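A quick write-up on the structure given underneath.
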Amino acid sequence: MTEIKNLLLIEIFFDENRLHLSVDEQKKTEGTLPIYFNDESFLNDGRREKKRKCDGAAAARVLRLVDEMTHSYSLYTREHFLYSFVERKNTMFTSKKALLLLANGSEESEVVITLDVNKQNQLNQKFEMIYLSSIFGNRFFVVRELKSQLVQSMVTVNH
Amino acid sequence: MKCAQDTVIVPDISITEVSTDDKFDVVIVPGGEKGTELMEKNLAVGNLLQQHYENGRLVAAICAGKINRNDL
């Protein structure tokens, strides 16, 4: 088991069979990669397993992309804001106060990466858990920041 | 708290300690079927997400997390 002390939030969204990854405030969307599915088929049928395999392939490509962007990323994490993209207009959204809901069984690989963000040299080595994500409706977003600076509270809902 | 891949995370607070007066710029709901099911059954989570959304704030759900409030 891993005990997390520092959290780094990373979100990737896919939209119209394209995978997007936010890395740069100015460019807004640094990378766009093709993927093989959309999120409509995720639950309820046999395509789920296939989708998961696709997730892995796409995630591998994202990993390479993230690797190339490490410099931008490490600069980015020094900012004390959480950046999101809202809807398809790619409108920049800046949040100072976020709430991350977690329960027993929550998929931590979608929201956390275990690394010490104070050690910049770890940023090259620790991008091991990056998954596709989606937002319901037409809202899409990208999230990345330090828990200590951004996510005001992690909340457990197990009662 | 034990996540889907056995990562242990100690939350800062419980959902019962979140005040309805708390205003967040974004509330994030991660995926994970088991965790999502637990949240789905939790009235406080439902109220929080609904209220947050109705106030025009951002609600972000990842993967299976979106089944929490598919009606939003």
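In this text, all values refer to a predicted model and were calculated from it rather than measured experimentally. Letters go in sequence order (proteins before strands), and every chain restarts at 1.
- Remark: B:Met39 CE to A:Asn104 CG distance equals 10.0 Å, nearest 0.5 Å.
- The minimum heavy-atom distance between A:Ala103 and B:Gly35, with the atom names listed, is CB-O, 3.8 Å.
- Between B:Lys34 and A:Ser106 there is no side-chain heavy-atom pair separated by less than 4.5 Å.
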